[in-house]
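A note on names: the letters A, B, ... follow the listed sequences, proteins ahead of strands, and every chain is numbered from 1.
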There are 2 protein chains.
Amino acid sequence: MRRNPERRQALIDAAIEVLAREGARGLTFRAVDAEAAVPPGTASNYFANRDDLFTQVGGRIYERLLPDEATIARGREGVQDEARYAELMHELVDRVSAFNSGYLALLELRLESTRRPELRAVLTKRIREDIDANIGYHAASGLPGDSTSVVLLYLALNWLIVERLTLPDIFTEQEVHELVDAAVRRSLASDGVTGG
Amino acid sequence: MRRNPERRQALIDAAIEVLAREGARGLTFRAVDAEAAVPPGTASNYFANRDDLFTQVGGRIYERLLPDEATIARGREGVQDEARYAELMHELVDRVSAFNSGYLALLELRLESTRRPELRAVLTKRIREDIDANIGYHAASGLPGDSTSVVLLYLALNWLIVERLTLPDIFTEQEVHELVDAAVRRSLASDGVTGG
DNA sequence: TTGACACCACTCCATCCGTAGTACTACGTT
DNA sequence: AACGTAGTACTACGGATGGAGTGGTGTCAA
């Protein structure tokens, strides 16, 4: 079990690409070695076994999907109106869609987590934290909409990205854009309908 | 290429279970044979190659996820108010979640369609038809909400099912129930916000 | 008798894990 | 400056699995 952190990270990032391209079952030590352009056997030295590899990828993938710190900072400060909010959501969808392999890899990990309790635990923790953080940001912004609104927006945007990445001909780019707008608009306009 | 239709269907249904349990890469002729409890080599006689197997499963999976005809008939006639609509959506989410392996298999197929143009074409066609049908049903019901509302509801419910199936500890059953209610409520209450 | 299908057997091939063993580099010691 | 040591990069192989495709045999019905 080698300890060179740069090399380990490079291997994990290579694993993300392999996951997206070959699927969960295609994620082997050999494939990671090839993707990272290191000699065969290297990944074997850095991860105890495939389970360990999955778990470590699960721990890292979410960092790579999150926006960089500058964007987070802008988000925290600048969200005062609906237009700005919508703009941020478009950025989110575009950024995640752009890091194509990252999102596909996350989907593969989700499906794989069905069979790997350790991986499931890691993913559950990360994603729960992300949702709560989003609820927190929204609450701090003072914009209308409760936590349910935020979660519903999260749900819709996630599946929208799934559609876009897996079956790009279902919705046109134009439709995707309009759907993001509509989702944001409804999320912020939902104060009056929270009564059951 | 054998032509016994019952046997073919049994093999395809077995393939769905294999897909959900083992993932796309685990869908092999041998695994299908084992799952269907037929002698090894049988699947090989019914499908030209793995690609053909994927495509045929893609053509069938959606039928199995759709409600039976009785439910569809009830849906067409009986949706006059929000309560009934919400009830139907709960039924939908529960039914799809209950046919656990079917939905997971569909997710696997979506990811696999990234690498298989034929499969992608089949899935795109089926799913586009389903979305359009839902929009049509909604329009015929006379309830408030335009096609965008329907699609946004579709998006949110799909990801909700993904969360429920892949990471069941993210939301409690109670939260899932409330989110379905809220999604329906907002979808039907969105007449006033369609202006951009 | 003929044709279609179920079933079985066999060959060839590709891939992978785990690890043992070698080579290189850096650094500290004397 | 020579030497030793430790950690890491790299190579090679043992051992084993799993699967695709195909040809051949048995069986049943028209």
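When distances are taken from the side chain of B:R2 to each of C:dC5, D:dT8, D:dA20, the shortest belongs to C:dC5. Nearest to the side chain of A:R30, among C:dC16, C:dC8, D:dC10, sits C:dC16. In this structure, the nucleotide among C:dA6, C:dG18, D:dG21 sitting nearest to the side chain of B:F29 is D:dG21. Between D:dA20, C:dC17, C:dC5, one nucleotide has an atom nearer to the side chain of A:R50 than all others, and that is C:dC17. Closest to the side chain of A:R7, from the set C:dA6, D:dC10, C:dG18, is D:dC10. The listed nucleotides are C:dC7, C:dG18, C:dC17; the one nearest the side chain of A:N49 is C:dG18.
At least one side-chain nitrogen or oxygen of A:N4 sits closer than 4.0 Å to the OP1 or OP2 atom of D:dA9.
Under a 4.0 Å N-O distance rule, the pair A:D13/A:R60 qualifies as a salt bridge.
Taking atom CG of A:L11 as the reference point, atom P of D:dC10 lies 11 Å away to the nearest angstrom. Computed from coordinates, the A:R8 CZ to D:dG7 P distance equals 16 Å when rounded to whole Å. The distance from atom CZ of B:R25 to atom C1' of D:dG19 is 12 Å, rounded to the nearest whole Å. Distance, B:L27 CG to D:dG19 P: 11 Å, rounded to whole Å.
Of the residues in residues 40-47 of chain A, those lying under 4.0 Å from DNA chain D by heavy-atom distance are A:P40, A:N45, A:Y46.
Of the candidates B:R115, B:Q56, B:R116, B:D51 forms a side chain to side chain donor-acceptor pair (under 3.5 Å) with just one, namely B:R116. The only member of A:L88, A:L179, A:L157 that meets side-chain contact (heavy atoms from CB on, under 4.5 Å) when paired with A:V93 is A:L157.
A:R120 and A:S113 share no side-chain donor-acceptor pair at under 3.5 Å.
One N or O on the side chain of B:N158 and one on the backbone of B:Y154 form a donor-acceptor pair closer than 3.5 Å. Remark: the backbone N or O of A:S147 is not paired with any side-chain donor or acceptor of A:H138 at under 3.5 angstrom.
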Show your reasoning for whether salt bridge (charged side-chain N to carboxylate O under 4.0 Å, His left out) applies to B:R164 and B:D94. CA-CA 10 Å; B:R164 198 187 197 185; B:D94 287 342; 3.4 Å; yes
